[in-house]
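In each ligand, atom 1 is the first atom listed, and ligand 1 is the first ligand listed.
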Amino acid sequence: MPKSDVTELAASLEEYLGDPHDADSRMPFAQILDHDVRGEYPYQFVALLRRWGLHLRCLPASDGGLAGNVETGMGLMRLVARRDPSTAVGLALNSLGFMPAWILGTPEQKGALIEDMKRGSSVSWGLSERVHGSDLVANEVLAERTEGGWLLTGEKWPIGNATVADKMVVFARTGKRPGPAAYSLFVLDKWRAEPGTVSDLPFEDLYGTRALDLSGVRLDGAFVPDSAMIGREGQGLEIALKTSQTARVVLMHLALSAVDTSLRLALDFAERRVLFGDRISDVPYTRRQLTEAFADLMIADAMVLGAARALQAAPEQISVWASVVKYQVPTLLQKTMSQLTVVLGARTFLRDHPHYGMHQKMVRDILITDIADGNTVVNLRNLGHQLAGLLDKAAEPGEGVREAAAERAAVLYGLDRELPVYEPVKQEL
Ligand SMILES: Cc1cc2nc3c(=O)[nH]c(=O)nc-3n(C[C@H](O)[C@H](O)[C@H](O)COP(=O)(O)OP(=O)(O)OC[C@H]3O[C@@H](n4cnc5c(N)ncnc54)[C@H](O)[C@@H]3O)c2cc1C
């Protein structure tokens with residue numbers, strides 16, 4: 001999509017949502033803070049964004065959505081997340097749930113999921129298990145063959161949107177022996193399961209993104225037909241890891257948005273606050289803190305932009321890009337947030353202040369970017385595994401390698417350069 005069209009789309013979404021400081025707008029800070037304090041799922045925000053069609057901007061045009069690239073949907077999601085990360089995550093989790101089908105689903109599976117989402121239905125991503133966390137090949141949810149399909153048994157937790165979503169893509173063990181080829185993926189329709197075979201787990205009371213539904217599901221022989229399997233039997237781990245690569249990049253929009261909002265609040269405060277006869281924005285140390293925060297945001301923005309475009313322009317390198325941003329962006333921007341906390345001072349403590357109260361929320365909400373979809377340590381380790389090979393290549397690049405890298409960088413950062421169609425199946429592990 002040409003840059004001018006993206007800008008126009010973003011302006012139209014901003015206009016639709018209105019001024020967040022205006023209590024009568026569609027998504028005002030005061031109401032967002034109220035949801036946050038009560039830990040209440042933002043149904044009406046999610047609904048009004050779906051009516052605008054935001055979720056379709058993150059689903060492939062070839063199967064009924066409106067997305068041609070990753071960057072546009074992510075850019076629009078940033079506008080939502082700088083108002084409310086909980087709402088943005090609540091919506092974005094649908095694209096995450098859809099991602100396995102985008103990677104290796106049949107046209108029928110993709111079309112059906114998108115059709116459901118157009119009618120207001122949601123799909124969640126059931127990968128994690130309470131006992132096993134990052135150790136995916138220890139996961140225990142079991143899929144056993146039965147006539148015409150499979151019976152799923154076990155527990156998925158903690159899962160975003162697990163309760164509010166009608167469907168869940170479940171990562172389950174199909175192989176007899178443990179190992180990477182022992183897992184497969186199934187689309188579970190919670191409303192078609194026999195009574196007693198699917199139970200929702202309670203909503204957790206959260207520290208950050210408090211309005212999000214973070215819960216889980218208990219399965220006791222829940223039936224899924226053969227047609228619900230995504231990819232082939234045994235391909236579950238490969239698809240799950242590719243799904244995580246995209247999720248790691250896309251989730252970073254939230255870190256940028258959190259700092260975007262906090263920086264605006266800190267700047268506004270610094271320009272209004274007068275101490276010892278001067279505005280504090282004229283105090284050199286405060287000026288420097290604000291300028292550094294802006295520079296951090298620009299650095300992180302550039303990294304995320306490159307990674308998002310790499311999903312399309314360099315899918316063979318995305319394993320590195322995704323882990324670099326998933327480590328570096330939350331690490332850098334949490335430091336930035338601490339700096340902005342110093343500028344805002346006592347205002348940071350005002351939880352329900354309709355203006356400055358948003359900062360303390362963003363300080364908590366940004367943490368999800370550190371933890372979900374492979375925490376920073378897991379990503380450092382992923383980079384560590386690849387470091388020797390990367391350094392060898394840098395020290396002795398073969399013929400044409402530097403030229404190819406320069407051309408790739410020109411595409412990644414040349415916003416007017418066309419990107420190839422997004423084909424997540426091409427991502428390499
Ligand atoms: C808000 C939120 C939303 C979520 N949404 C979903 C969802 O929609 N679907 C879903 O499936 N899951 C979801 N999760 C789960 C999330 O992805 C988990 O955080 C993930 O499974 C990691 O598990 P854990 O946090 O329990 O950490 P653990 O895996 O228990 O790790 C604990 C610590 O051990 C160390 N460690 C772990 N692995 C390694 C390693 N390989 N190398 C070195 N050190 C390591 C690290 O220090 C790490 O911090 C969500 C979580 C949150 C908080």
### Per-residue contact class, L214 against ligand 1 - non-hydrogen pairs under 4.0 Å
side chain
### Task
Heavy-atom distances under 4.0 Å are what count here, so tell me which part of L127 touches ligand 1: side chain, backbone, both or neither.
both
### Query
Do P60 and W102 come close enough that some side-chain heavy atom pair is under 4.5 Å?
yes
Is a donor from one side chain sitting under 3.5 angstrom from an acceptor on the other, for [X] and [Y]?
{"X": "S121", "Y": "D166", "answer": "yes"}
{"X": "T336", "Y": "D296", "answer": "yes"}
{"X": "T174", "Y": "S184", "answer": "yes"}

Got the closest protein heavy atom to [atom], with its distance?
{"atom": "atom 20 (C) of ligand 1", "result": "S128 OG, 4.0 Å"}
{"atom": "atom 36 (N) of ligand 1", "result": "V378 CG2, 4.6 Å"}
{"atom": "atom 32 (C) of ligand 1", "result": "N375 ND2, 4.5 Å"}
{"atom": "atom 47 (O) of ligand 1", "result": "V377 CG2, 3.7 Å"}

Contacting atoms of ligand 1, where contact means under 4.0 angstrom from a heavy atom of [X]:
{"X": "I368", "value": "1 (C)"}
{"X": "D373", "value": "17 (O)"}
{"X": "I371", "value": "19 (O)"}
{"X": "L93", "value": "8 (O)"}

### Query
Does the gap between the ring centers of F186 and W150 come in under 6.0 Å?
yes
### Query
Does the ring centre of F29 sit less than 6.0 Å away from the ring centre of H355?
no
Does any N/O atom on [X] come nearer than 3.5 Å to any N/O atom on ligand 1?
{"X": "S134", "value": "yes"}
{"X": "T209", "value": "no"}
{"X": "G160", "value": "yes"}
{"X": "I159", "value": "no"}

Give the ring-plane orientation class for [X] versus [Y], where under 30° counts as parallel, over 60° as perpendicular and anything between as tilted.
{"X": "Y356", "Y": "F269", "result": "perpendicular"}
{"X": "Y16", "Y": "W52", "result": "tilted"}
{"X": "W321", "Y": "Y413", "result": "tilted"}

#### Entry: Which atom of A193 lies closest to which atom of V198, heavy atoms considered
CB-CG2, 3.5 Å
### Message
I'd like to know if atom 8 (O) of ligand 1 has any protein heavy atom within a distance of less than 4.0 Å.
### Response
yes
### Query
Does the protein put any heavy atom within less than 4.0 Å of atom 3 (C) of ligand 1?
yes
### Proximal candidate to atom 23 (O) of ligand 1 [heavy atom criterion; set P158, G133, S244]
G133
### Query
Of the listed options (M168, R381, R210), which comes nearest to atom 41 (N) of ligand 1 when hydrogens are ignored and any heavy atom counts?
R381
### Task
Run the contact test for S124 against ligand 1 with a 4.0 Å cut-off on heavy atoms, strictly below, and give the result.
no
### Query
Any ion pair linking D34 and R38 (charged N to carboxylate O, less than 4.0 Å)?
yes
### Query
Distance from E15 atom CD to R26 atom CZ, nearest 0.5 Å?
9.5 Å
